[in-house]
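Sequence lines set the chain letters: A, B, ... in the order given, protein chains first and strands last, and positions in each chain run from 1. Just so it is clear, the model here is predicted, and its values are computed rather than measured. Scope of the values below: all heavy atoms of this structure, side chains included, with no hydrogens, waters or symmetry mates.
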Protein chains: 2
Amino acid sequence: MTRRDDIAAAAMELVAEGGTHALTHRRVDRRLGLPEGTTSNHARSRRELMLLVVQQVAAVAHLLPPEAPTPSTVEEAVEQLTEAFEGVVARGVDTRARMSLSIDTLLDPELHALLTTDSPVRATVLEQARRLLDGLGVPDSGQRAIDLAGIMNGLFYDRLVGHGVHGTPVDAEAVLRAWLTGLGAPGPVSP
Amino acid sequence: MTRRDDIAAAAMELVAEGGTHALTHRRVDRRLGLPEGTTSNHARSRRELMLLVVQQVAAVAHLLPPEAPTPSTVEEAVEQLTEAFEGVVARGVDTRARMSLSIDTLLDPELHALLTTDSPVRATVLEQARRLLDGLGVPDSGQRAIDLAGIMNGLFYDRLVGHGVHGTPVDAEAVLRAWLTGLGAPGPVSP
DNA sequence: GTGGCTTTACTACGATCGTTGTGATCGTAG
DNA sequence: CTACGATCACAACGATCGTAGTAAAGCCAC
């Protein structure tokens, strides 16, 4: 069981560092110092190997720590979201792997759905985002939660794989503050 | 010359459809119905082949049509940005290829920079974004232009490779409107 | 036309890959 | 202790890949 976890983790790292093209049974073996063929035993095909990485990404990724209290002002929300954002960026690997896999599984809708629509992480993230927006009194919080996830992905992309890697990065805090402000939240919902 | 362009275009399509992993000299030959070895003649190594795609992406991609008049109200800006966004999404291929390559060139900083920091498209996009924001009287338009590019990338990601492909997509127009509104633009700069 | 340079077609090599099979080894329930 | 299922190490296959070389075909200046 531990062996399988090691393989999944190493495979995810490979994808995060060099994209799906760098993902190979033998490369995983080498990275872990295991004899060739070990990874092939656990993931009998390349598709299974990619599935392993997809599951690993889902196992690691979370947008917000679940114990976060619901903020009642825009500024509190900005602070909380920014902190969560920086945490994910600092971790890095799983988000990079997720983005790489999202593109490279477009030809395999089943795997792609496991990463996006059908991902348990997606549901959790949307629910947390919705709760945060509801606490601020933002209307239409369902669609707005989807929008927030989209914005966050843009910020992730910039910092982890885009211009922000070597150039001037986006100002995540300013983006989130402006967006939340512009939503015209009437303030916290009175009890 | 035309031959090389065909190869570059076909290579970009392959990357857009199946990621960098699907990019191969022989696959490009087959897609174009050319005898095997033709692509190898124009891109003597795999790195050259990827460079070809990078250049092709830069050749095709533009955020805004350059002749767009500078908007003077938030609503005009929203309309213009949304229209440009939908245009890029409808085209699709180059943005998908760019995102795939961004990740898969992380191990090759030179190629990665050509896609991001050193890209001529990047400079154009930032300048257009900055002009648009200046027209609205938004302060610190330099950093805000970077932020806008980040937001747009998030929207692209959602629609082209993320949840929006098969699930409920982001509301790009609403996101842009909220963000622009929240920037607290004092209105168009008086002449 | 003719000489010289570029582009094409075609072939071949070694390396790596995905995949499968076969025993050996381990852990554990009976 | 033993038997049995799961995990392991290891070997081997055909296919595909990256890369490079060579000879024919095309093209253009002169």
Side-chain angles (χ1 to χ4, degrees), chain A residues 1-56 59 97 100-101 103-108 110-112 114, chain B residues 1-56 59 97 100-101 103-108 110-112 114:
Chain A
M1 203 57 160
T2 287
R3 175 56 52 90
R4 172 173 287 256
D5 291 346
D6 288 347
I7 289 176
M12 185 182 70
E13 288 173 22
L14 282 173
V15 173
E17 291 167 11
T20 308
H21 184 63
L23 179 63
T24 287
H25 288 91
R26 287 176 175 82
R27 260 201 258 260
V28 177
D29 292 336
R30 285 180 216 130
R31 167 169 284 238
L32 293 173
L34 297 174
E36 297 195 347
T38 306
T39 300
S40 270
N41 284 325
H42 288 82
R44 220 47 187 171
S45 71
R46 183 179 158 80
R47 190 172 185 280
E48 272 187 48
L49 185 55
M50 295 185 72
L51 176 62
L52 212 61
V53 180
V54 169
Q55 292 167 336
Q56 179 72 6
S100 182
L101 280 173
I103 305 180
D104 292 10
T105 57
L106 279 174
L107 291 177
D108 190 331
E110 200 172 336
L111 270 185
H112 188 264
L114 245 53
Chain B
M1 203 56 158
T2 287
R3 175 57 53 92
R4 171 172 289 257
D5 291 345
D6 288 347
I7 289 176
M12 186 183 70
E13 288 172 20
L14 282 173
V15 173
E17 291 167 12
T20 309
H21 184 64
L23 178 64
T24 286
H25 289 91
R26 286 177 175 83
R27 260 201 258 260
V28 176
D29 292 335
R30 284 180 218 132
R31 168 169 284 239
L32 292 173
L34 298 173
E36 297 196 348
T38 306
T39 300
S40 269
N41 285 327
H42 289 83
R44 222 44 189 171
S45 69
R46 182 176 159 80
R47 190 173 185 279
E48 271 186 49
L49 185 55
M50 294 185 73
L51 176 61
L52 213 61
V53 180
V54 169
Q55 291 167 337
Q56 179 73 7
S100 182
L101 280 173
I103 306 180
D104 291 10
T105 57
L106 279 174
L107 291 178
D108 190 331
E110 200 171 338
L111 271 185
H112 188 264
L114 244 54

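Asp5(A) contributes atom CG, which lies 11.0 Å from atom CD of Gln55(A) (distance to the nearest 0.5 angstrom). Rounding to the nearest 0.5 Å places CZ of Arg46(A) at 6.5 Å from OG1 of Thr20(A). Atom CG of Leu51(A) is separated from atom OG1 of Thr105(A) by 11.0 Å, given to the nearest 0.5 angstrom. The distance from the CD1 atom of Ile103(B) to the CG atom of Leu101(B) is 10.0 Å, given to the nearest 0.5 Å. Distance check, rounded to the nearest 0.5 Å: OG1 of Thr38(A) to CZ of Arg30(A) gives 12.0 Å.
Checked against salt bridge (charged side-chain N to carboxylate O under 4.0 Å, His left out), Arg47(B) has the following partners two or more places apart in sequence or in another chain: Asp108(B), Glu110(B). Under the side chain to side chain contact (heavy atoms under 4.5 Å, CB included) criterion, Ala8(B) pairs with Leu52(B), Gln56(B), sequence neighbours left out. Residues meeting the salt bridge (charged side-chain N to carboxylate O under 4.0 Å, His left out) test with Arg31(B), sequence neighbours left out: Glu13(B), Glu17(B). By the salt bridge (charged side-chain N to carboxylate O under 4.0 Å, His left out) test, Glu48(A) is found to be paired with no residue, residues two or more places apart in sequence or in another chain being considered. Contacts of Leu32(B) classified as side chain to side chain contact (heavy atoms under 4.5 Å, CB included), with partners at least two apart in sequence or in another chain: Asp6(B), Ile7(B), Ala10(B), Val28(B), Leu34(B). For Arg27(A), there are no salt bridge (charged side-chain N to carboxylate O under 4.0 Å, His left out) partners at least two apart in sequence or on another chain. Partners of Thr39(A) according to the side chain to side chain donor-acceptor pair (under 3.5 Å) rule, which considers only residues two or more places apart in sequence or in another chain, are Asp29(A). By the ring pair (Phe, Tyr, Trp, His ring centres under 6.0 Å) test, His42(B) is found to be paired with no residue, residues two or more places apart in sequence or in another chain being considered.
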Distances under 3.5 Å between nitrogen or oxygen atoms of protein and nucleotides 12-16 of chain D:
| unit_1 | atom_1 | unit_2 | atom_2 | d |
| --- | --- | --- | --- | --- |
| dA12(D) | N6 | Arg26(A) | NH2 | 3.4 |

Dump every N/O contact between nucleotides 21-27 of chain D and the protein below 3.5 Å, one line per pair.
| unit_1 | atom_1 | unit_2 | atom_2 | d |
| --- | --- | --- | --- | --- |
| dG21(D) | N7 | Arg44(B) | NH2 | 2.8 |

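Distance NE2 (His42(A)) to P (dT19(C)): 17 Å, rounded to an integer number of Å. Between Leu34(B) atom CG and dT7(C) atom P the separation is 15 Å, expressed in whole Å. Atom pair Asp5(A):CG and dT7(D):P shows a separation of 12 Å (rounding to whole Å applied). If you take NE2 of His25(B) and P of dT11(C), they are 19 Å apart, rounded to a whole angstrom. Per the geometry, CG belonging to Leu32(B) stands 15 Å off C1' belonging to dA9(C), to the nearest Å. For the pair Glu36(A) CD and dT19(C) P, the interatomic distance rounds to 16 Å; values are reported in whole Å. Distance CG (Asp29(A)) to P (dA9(D)): 9 Å, rounded to an integer number of Å.
The Arg46(B) side chain lies nearest to dG18(D) when the options are dC10(D), dT8(C), dG18(D). Across dT19(C), dT7(D), dT19(D), the shortest atom-to-atom separation from the side chain of Ser45(A) is found for dT19(C).
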Can you give the dot-bracket line for DNA chain C, where a pair is Watson-Crick or G-U wobble with both atom distances under 3.5 Å, crossing pairs use [ ], and | marks a partner on another strand? ||||||||||||||||||||||||||||||
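Across every non-hydrogen atom of Met12(B) and Ala97(B), the tightest pair is CG-CB, 3.7 Å.
Contact check of residues 47-55 of chain B against DNA chain D (heavy atom, cut-off under 4.0 Å) returns no residues at all.
Side-chain N/O atoms of Thr38(A) include none lying less than 4.0 angstrom from OP1 or OP2 on dC8(D).
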